[in-house]
Chemist: 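Handing you a structure now.
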Amino acid sequence: MKTDILIVGCGVAGLYCALNLPEDKNILVVTKNIASKSDSFLAQGGICVLRDEEDYESFFEDTMKAGHYENNPESVEIMIHSSQDVITDLVSFGVRFENNGESFLYTREGAHSRPRILFHADETGKEITMHLLETAGSRKNITLVENFTMVDLICYNNSCYGIVGHDAEGNYTSIAADYTVLATGGIGGLFQHSTNYRHLTGDALALALKYQIRLQHIDYIQIHPTTLYTQKHDREFLISESVRGEGAILLNSRGERFINELLPRDVVANAIFEEMKKEGSEHVWLSLAPIPEEEIRKHFPNIYQKCLDEGYDITKEPIPVVPSQHYFMGGIDVDCSSRTSMERLYAVGETACNGVHGRNRLASNSLLESLVFAKRAAKHIIKNYLPSEPQDEFEVDAAQYEGYQEKYKKLVLAAIEKEKKSHGSYINETECR
């Protein structure tokens, strides 16, 4: 199989990259599961946007401070100044952000100095991704293939010419491409407790390690402070940062508030871990009592219903919450055009690291960062497009990939541990599988 541009992953980064490529290019998007099983669908809180130039300095400082000033300032500046352009695109695709009939409504989340977050109820990621999928589906030059798992890259002389993968039945095939974009998402499937879908296991990182593609900060792993505590073995349900931004408070078993809920996520998560350790408990409590019932039902309908399904009425009682692995700030090292250290290979979204987030991601910067740098990848590919030289047909030897899942997991986890030990642990921990 041959295509002009191959995109691995169909979350917001992969889809938006495809939509910013010209319609005279054949674009193939493959995804490991079904299209709706990407973490982009799960993003609840919203997407940051620069409201006006007066907001720039505080937006920049909020992002840098949350990232412990280990962010790449150039990437942060690009993200912030590109935000309004991205929002304009999303609205043109049909995304419906909350408004009062004349202008957008903004909410505030932890570590933000002012409200600058656009949202759609408490399912912003679903709203954005759904419309990107619909728009991509209407483009004749974009083909989406579900249940196709990447297991290898096709590489010669540090240039990428496509991938090897298999379908749901285990049939292996190769896909040749002039350019390949990795948008494979996070690493939650490696952890016992995570908000991510379980099939997101860092496959792109494993291949980067295999081919010595540069990585950056792969031990920078964010723990979300508040996920709904459950004893079921599945991904944890995230209780959005914006719930605390609207006034919800954290309580210990004695009903005492023990932390400023609007501090950065790593600080709040560490405080929860400390309180759990002190009390010998498996969770703490989140009370939405300070938020009017009408606002809860209007702003957080999905959270309200999910908690109700689990036996908790958040308008009347606190809910048990526990920190879980949530977001990956490290990844495949890329420049401001999303280029990796391998020619003809780009990486975008959570699997890439351009330095925007530093050591800890500021709430609601993830969707924005993914979209901004996905568009930059598309623009750079087209500006510098050169068809690849014809290569000998790649023969796929399926036998060499037997048991690859466990091998890749061990490879990634070992690399994370090695990186962690090189400069010491700096952040809260959650157990790997």
Side-chain angles (χ1 to χ4, degrees), residues 39 42-46 48 62-63 65-68 107-112 117 119 122 124-125 186-188 191-196 220-230 235-253 255-279 281-291 296 299-300 302-303 306-307 310 312 314 318-329 350 357-367 425-431:
D39 271 5
L42 306 178
Q44 294 175 351
C48 296
D62 289 347
T63 300
K65 184 177 180 180
H68 297 261
T107 189
R108 179 187 175 197
E109 298 187 8
H112 284 270
I117 298 163
F119 62 98
D122 56 353
T124 308
I187 59 172
F191 292 82
Q192 182 178 357
H193 299 291
S194 176
T195 62
N196 296 184
Y220 283 13
I221 300 166
Q222 186 177 73
I223 311 302
H224 197 286
T226 52
T227 65
L228 186 62
Y229 173 76
T230 177
R235 70 173 188 84
E236 272 72 19
F237 181 76
L238 186 146
I239 307 299
S240 171
E241 191 94 26
S242 57
V243 173
R244 285 177 282 126
E246 293 297 321
I249 56 175
L250 287 163
L251 306 172
N252 61 22
S253 61
E256 300 166 339
R257 189 179 179 192
F258 58 89
I259 184 67
N260 174 359
E261 294 80 8
L262 296 182
L263 290 171
R265 287 177 174 175
D266 57 337
V267 178
V268 176
N270 275 325
I272 294 173
F273 279 125
E274 285 300 313
E275 200 67 22
M276 289 165 55
K277 183 178 179 181
K278 189 188 305 179
E279 297 192 326
S281 61
E282 295 185 331
H283 61 78
V284 295
W285 298 91
L286 182 69
S287 171
L288 283 72
I291 309 175
I296 291 173
H299 195 157
F300 306 113
N302 187 45
I303 294 173
K306 174 65 176 180
C307 291
E310 295 293 324
Y312 303 101
I314 60 176
I319 53 174
V321 293
V322 65
S324 294
Q325 187 279 335
H326 179 54
Y327 194 80
F328 184 44
M329 285 83 63
E350 194 172 349
H357 304 304
R359 185 184 288 188
N360 179 59
R361 176 176 65 91
L362 180 67
S364 288
N365 265 350
S366 53
L367 289 172
S425 178
Y426 60 88
I427 201 166
N428 39 65
E429 305 289 346
T430 187
E431 293 180 26

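From a predicted model like this one, the values you see are computed outputs, not experimental measurements.
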Chemist: Determine the minimum heavy-atom distance between P264 and N360, stating which atoms define it.
Modeler: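 Shortest heavy-atom contact: CB-ND2, 3.8 Å.
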
Chemist: Among side-chain atoms of D39 and N196, is any donor-acceptor pair under 3.5 angstrom?
Modeler: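 D39 vs N196: donor-acceptor pair found between side chains.
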
Chemist: Is it true that E274 and K277 have a side-chain N and a carboxylate O under 4.0 angstrom from each other?
Modeler: no

Chemist: Could you pull out the closest heavy-atom pair between I239 and C307, with the gap in Å?
Modeler: CD1-SG, 4.1 Å

Chemist: If the condition is side chain to side chain donor-acceptor pair (under 3.5 Å), which residues does E279 pass it with, not counting sequence neighbours?
Modeler: S253, R254

Chemist: Can you tell me how far OG1 of T195 sits from CD of Q325, rounded to the nearest 0.5 angstrom?
Modeler: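 Q325 CD to T195 OG1: 6.0 Å, rounded to 0.5 Å.
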
Chemist: So, S364 side chain and C48 main chain: donor-acceptor pair closer than 3.5 Å or not?
Modeler: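 A pair under 3.5 Å: no.
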
Chemist: Using every non-hydrogen atom in the two residues, find where I291 and A248 come nearest and quote the distance to one decimal.
Modeler: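 Nearest pair, atom of I291 first, then A248: CD1-N, 3.9 Å.
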
Chemist: Do R235 and L42 have side-chain heavy atoms sitting under 4.5 Å apart?
Modeler: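 A side-chain contact exists here, since the closest heavy-atom pair is under 4.5 Å.
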
Chemist: Is the shortest heavy-atom distance from the side chain of V268 to the side chain of E261 under 4.5 Å?
Modeler: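 Result no, sub-4.5 Å side-chain heavy-atom pair not found.
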
Chemist: Taking all atoms of both residues into account, what is the closest heavy-atom pair of G45 and I117, and its distance?
Modeler: O-CG2, 4.3 Å

Chemist: Just jot down the side chain to side chain donor-acceptor pair (under 3.5 Å) partners of T107, sequence neighbours excluded, or say none.
Modeler: E246

Chemist: Should V321 and Y229 be marked as a side-chain contact (heavy atoms from CB on, under 4.5 Å) after you check the CA-CA gap, both sets of side-chain angles, and the distance that decides it?
Modeler: CA-CA 5 Å; V321 293; Y229 173 76; 5.9 Å; no

Chemist: Go through the structure and list residues passing salt bridge (charged side-chain N to carboxylate O under 4.0 Å, His left out) with K65, not counting sequence neighbours.
Modeler: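 Salt bridge (charged side-chain N to carboxylate O under 4.0 Å, His left out) list for K65, sorted by chain: empty.
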
Chemist: Among E275, K278, R257, find the one that has a side chain to side chain donor-acceptor pair (under 3.5 Å) with N252.
Modeler: E275

Chemist: Backbone N or O of V322 within a donor-acceptor pair of the T227 side chain at under 3.5 Å?
Modeler: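 Answer holds: yes.
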
Chemist: Please report the interatomic distance OG1(T226) to CD1(I223), rounded to the nearest 0.5 Å.
Modeler: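 Going from OG1 on T226 over to CD1 on I223, the span is 12.5 Å.
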
Chemist: Go through the steps to decide whether L362 and H112 satisfy the test side-chain contact (heavy atoms from CB on, under 4.5 Å), and finish with yes or no.
Modeler: CA-CA 8 Å; L362 180 67; H112 284 270; 3.4 Å; yes

Chemist: Taking the side chain as every heavy atom from C-beta outward, state whether F191 and S324 have any pair of such atoms under 4.5 Å apart.
Modeler: no

Chemist: Mind checking the CG-CG spacing from D62 to N365? Nearest 0.5 Å is all I need.
Modeler: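 Reported to 0.5 Å precision, the distance equals 9.0 Å.
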
Chemist: Please verify the inter-ring angle class for H224 with H326; under 30° counts as parallel, over 60° as perpendicular, anything in between as tilted.
Modeler: perpendicular

Chemist: Please report the closest heavy-atom contact between F258 and A271, naming both atoms and the distance.
Modeler: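 Scanning both residues completely, I find the closest heavy atoms to be CE1-O, 3.8 Å.
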
Chemist: Test side-chain contact (heavy atoms from CB on, under 4.5 Å) on D122 and V243; report intermediate values, then the result.
Modeler: CA-CA 9 Å; D122 56 353; V243 173; over 6 Å; no

Chemist: How many angstroms lie between atom NE2 of H283 and atom OG1 of T230, to the nearest 0.5 angstrom?
Modeler: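 Going from the NE2 atom of H283 to the OG1 atom of T230 covers 11.0 Å.
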
Chemist: Apply salt bridge (charged side-chain N to carboxylate O under 4.0 Å, His left out) to E241 and list each qualifying residue two or more places apart in sequence or on a separate chain.
Modeler: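 By the salt bridge (charged side-chain N to carboxylate O under 4.0 Å, His left out) rule, E241 matches R244, R265.
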
Chemist: For S240, enumerate each residue passing the side chain to side chain donor-acceptor pair (under 3.5 Å) test, keeping only those at least two apart in sequence or located in another chain.
Modeler: S242

Chemist: I need the minimum non-hydrogen distance between L367 and G46, along with the two atoms involved.
Modeler: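 Nearest pair, atom of L367 first, then G46: CD1-O, 3.5 Å.
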
Chemist: Look at the side chain of E236 and the backbone N and O of S194, then say whether any donor-acceptor pair between them is shorter than 3.5 Å.
Modeler: yes

Chemist: Rounded to the nearest 0.5 Å, what's the gap from CD1 on I249 to CG on L288? Could you check?
Modeler: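 Between atom CD1 of I249 and atom CG of L288 there are 9.5 Å.
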
Chemist: Answer yes if the side chains of Q222 and D266 hold a donor-acceptor pair under 3.5 Å, and no otherwise.
Modeler: no

Chemist: side-chain contact (heavy atoms from CB on, under 4.5 Å) between I272 and L250: does it pass, once the steps are laid out?
Modeler: CA-CA 9 Å; I272 294 173; L250 287 163; 3.9 Å; yes

Chemist: Using the test side chain to side chain donor-acceptor pair (under 3.5 Å), find all partners of Q44 that sit at least two apart in sequence or belong to another chain.
Modeler: none

Chemist: Would you say the rings of Y327 and H357 are close, in the sense that their centroids are separated by under 6.0 Å?
Modeler: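 Yes, close enough.
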
